[in-house]
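Order of the sequence lines sets the chain letters (A, B, ...), proteins ahead of strands, with each chain counted from 1. The structure displayed is predicted, hence computed values, not measured ones.
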There are 2 protein chains.
Amino acid sequence: MHPEFETYLRRSGLAEEAVRRVSDLAVARKLRRNELLFSAGEICRHKVFVVSGLLHTFNISAGGNQHILQFAPENSWTLDVESYDRQIPSQVSIGAVEPSEILCWQKKDFDMLLAEVPQLKKFAEGLIARNIHYSRKRILISLSATPEEKYEDFIQTFPDYLARLPLRMIAAYLGISIKTLTRIRHAQLLR
Amino acid sequence: MHPEFETYLRRSGLAEEAVRRVSDLAVARKLRRNELLFSAGEICRHKVFVVSGLLHTFNISAGGNQHILQFAPENSWTLDVESYDRQIPSQVSIGAVEPSEILCWQKKDFDMLLAEVPQLKKFAEGLIARNIHYSRKRILISLSATPEEKYEDFIQTFPDYLARLPLRMIAAYLGISIKTLTRIRHAQLLR
DNA sequence: TGAAATTATGGTCAGCTGACCATCTTTAGC
DNA sequence: GCTAAAGATGGTCAGCTGACCATAATTTCA
């Protein structure tokens with residue numbers, strides 16, 4: 001049904017029966033470049049797995065500046081947790097940076113799967129732990145690192161994003177201006 | 001055994017039997033002001049509940065500046081997740097801002113409780129969800145807010161901390177200098 | 001392929017921010 | 001209660017950062 005996703009789940013250690021149950025409830029969808037999954041103010045109704053492409057979770061502040069909370073490349077999951085968990089309007093938007101193929105689950109379906117497929121539950125807990133660890137690291141960096149250190153950490157952590165993303169999005173993710181990012185890159189060229 | 005904690009757990013919806021099992025494995029400990037639970041480089045071996053007082057999770061950067069990841073007041077939990085989950089050296093330290101009374105569980109004991117007390121597991125999942133929501137909010141603010149907005153949000157979110165914490169710790173939590181914080185407060189006095 | 005949009009870079013400048021230092025006030029702990 | 005330590009504020013200044021604008025390069029997509 002969704003062969004790439006099923007391979008991903010098998011590699012993550014789920015048994016065939018579990019893979020089947022999860023995969024059966026997924027609905028495939030394609031997003032064009034810049035197409036939105038939902039906008040700020042709407043409710044995040046689905047759990048989303050990215051089969052191919054690249055999504056980003058972002059917010060446009062009062063001044064019109066974009067701020068990026070997360071990127072979601074192929075073989076990763078995305079949603080706005082707070083909006084999804086509580087089914088309340090989201091503060092953020094999720095959209096496609098590249099043309100993307102995604103799988104969507106209704107919240108009620110995925111909740112049912114979590115309750116009935118222990119292997120999935122366990123797997124999801126691992127994803128949550130990774131998420132928490134990364135959030136902590138990001139908060140610590142945002143508190144303590146200089147713009148240059150933030151950029152260095154970014155390309156260490158996500159080496160392939162540099163070629164896939166416009167620099168302005170990297171700046172929007174790091175919380176620095178595109179000008180500062182350009183200056184850092186310029187300075188590095190001279191080394 | 002630990003009456004305040006047991007009241008907290010009951011109010012959180014746990015049945016008497018569950019309360020008893022969790023409480024029985026807790027070890028009480030007192031911390032003096034500025035005493036550390038553990039230092040960066042050590043492993044976070046316990047899950048900690050704060051009965052009274054106030055702890056903080058922090059890190060000292062290369063330049064000697066303190067950065068604060070989290071405060072944990074009475075009736076809240078604290079630990080360094082990554083160090084605790086994987087039992088690896090922590091990047092951060094946890095210490096007492098005020099003289100504090102805490103309860104500690106060994107990881108193996110708490111893991112056992114989570115596996116055997118479904119009500120605790122469910123409760124812990126709720127705490128994790130809150131934690132994730134708050135981390136997201138904090139990242140978004142760190143990306144998008146001005147120092148003044150960060151301070152405003154802080155006193156909205158934690159109204160009582162202003163009276164309990166030295167300003168330099170608030171600055172260390174917000175990722176701004178004490179000087180900038182003083183300037184903001186000075187400007188607000190004139191309004 | 002070609003036109004339009006997006007992106008990256010650079011110049012300039014105002015002003016915010018942090019570092020350093022000094023002073024005064026408050027708090028901690030014996 | 002008293003003494004020492006910690007904390008808060010202010011002055012000053014250098015310099016980093018972002019806003020604005022222009023230009024050149026690249027990419028998109030019809």
Atom [atom1] of [X] and atom [atom2] of [N]: how far apart are they, to the nearest Å?
X	N	atom1	atom2	value
E148(B)	dC16(C)	CD	C1'	13 Å
M169(B)	dT26(C)	CE	P	20 Å
L167(A)	dG10(C)	CG	P	12 Å
K150(A)	dC16(D)	NZ	P	16 Å
Q66(A)	dT6(C)	CD	P	13 Å

Q) Distance-only, no hydrogens or angles: does the R185(A) side chain make a donor-acceptor pair with backbone N or O of T180(A) under 3.5 Å? A)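 Pair absent, no side-chain N/O of R185(A) close to backbone of T180(A).
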
**Q.** S135(A) side-chain N/O to N131(A) backbone N/O, donor-acceptor pair under 3.5 Å
**A.** yes

Determine: side-chain N/O of [X] to OP1/OP2 of [N], distance under 4.0 Å, yes or no.
X	N	result
R185(A)	dA8(C)	no
H186(A)	dG10(C)	yes
R32(A)	dC29(D)	no

Q: May I ask you to list the residues of residues 170-184 of chain A, by number, that have any heavy atom positioned under 4.0 Å from an atom of DNA chain D?
A: I176(A), S177(A), K179(A), T180(A), R183(A)

Q | Electrostatic pair R130(A)-E125(A), nearest N-O below 4.0 angstrom | A | no

Q. Do NZ/NE/NH1/NH2 and the carboxylate oxygens of D153(A) and K137(A) come within less than 4.0 Å?
A.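 Between K137(A) and D153(A) there is a salt bridge, with a charged N closer than 4.0 Å to a carboxylate O.
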
Q) Regarding E42(B) and S90(B), is there a side-chain donor-to-acceptor distance under 3.5 Å anywhere? A) no

Q) With a distance cut-off below 6.0 Å to the six-membered ring centre and an angular limit of 45° from the axis, does R138(B) pair with Y173(B) as a cation-pi contact? A)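 Yes, a cation-pi geometry holds between R138(B) and Y173(B).
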
(Q) Using heavy-atom distances to pick each residue's nearest nucleotide on DNA chain D, tell me which of R168(B) and N34(A) is more 5'. (A)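 Per heavy-atom nearest nucleotide, the more 5' residue is R168(B).
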
